[in-house]
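Reading through the structure tokens given below for one structure.
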Amino acid sequence: MSNQVIKCQDCGEDFNFTERDQAFYQEKGFLPPKRCHFCRKARKERHLNKEKEGNYNG
């Protein structure tokens, strides 16, 4: 296994999916990420804000 470069589906920037991260994702049964760290964090914050506002639908 070697590091992979993935293009973020939100911002279009390339990010590294390291061997260590790949092993973690595989161990947990997760699919490879589609978003870079920054876009994942921003998305998570948006969802948390919606929950706090009471506008979260799932």
Side-chain angles (χ1 to χ4, degrees):
M1 196 175 348
S2 61
N3 289 349
Q4 295 178 0
V5 177
I6 300 174
K7 185 176 290 290
C8 177
Q9 77 175 17
D10 287 356
C11 69
E13 293 291 322
D14 290 341
F15 65 95
N16 287 317
F17 187 38
T18 64
E19 289 183 33
R20 182 177 178 187
D21 289 341
Q22 291 174 56
F24 174 80
Y25 274 64
Q26 188 174 28
E27 178 183 314
K28 299 294 183 181
F30 298 154
L31 295 174
K34 295 180 180 180
R35 293 174 180 86
C36 67
H37 170 76
F38 300 108
C39 289
R40 286 195 310 265
K41 185 176 179 180
R43 181 179 163 99
K44 184 176 182 179
E45 287 177 10
R46 283 193 305 270
H47 283 281
L48 290 174
N49 287 336
K50 285 182 181 179
E51 286 179 348
K52 287 178 185 176
E53 294 171 4
N55 298 330
Y56 187 72
N57 294 322

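With sequence neighbours left out, the side chain to side chain donor-acceptor pair (under 3.5 Å) criterion links Asp21 to Thr18.
The two residues Pro32 and Tyr25 come nearest to each other via the heavy atoms CA-CD2, 4.1 Å. Ile6 and Phe17 make their closest contact through CD1-CB, 3.7 Å (heavy atoms, listed as atom of the first residue, atom of the second, distance).
Side-chain N or O atoms of Asn3 include one that pairs as donor or acceptor with a backbone N or O of Glu19 at under 3.5 Å.
The line from CD of Glu27 to CZ of Phe30 is 9.5 Å long, rounded to the nearest 0.5 Å. How far CZ of Phe15 is from CD of Gln4: 9.5 Å, rounded to the nearest 0.5 Å. Between Arg40 atom CZ and Cys8 atom SG the span is 8.5 Å, to the nearest 0.5 Å.
Atom CZ of Phe38 has 12 or fewer neighbouring heavy atoms from other residues, nucleotides or ligands inside a 6.0 Å radius.
Counting heavy atoms from C-beta outward, Asn16 and Val5 have side chains that approach closer than 4.5 Å.
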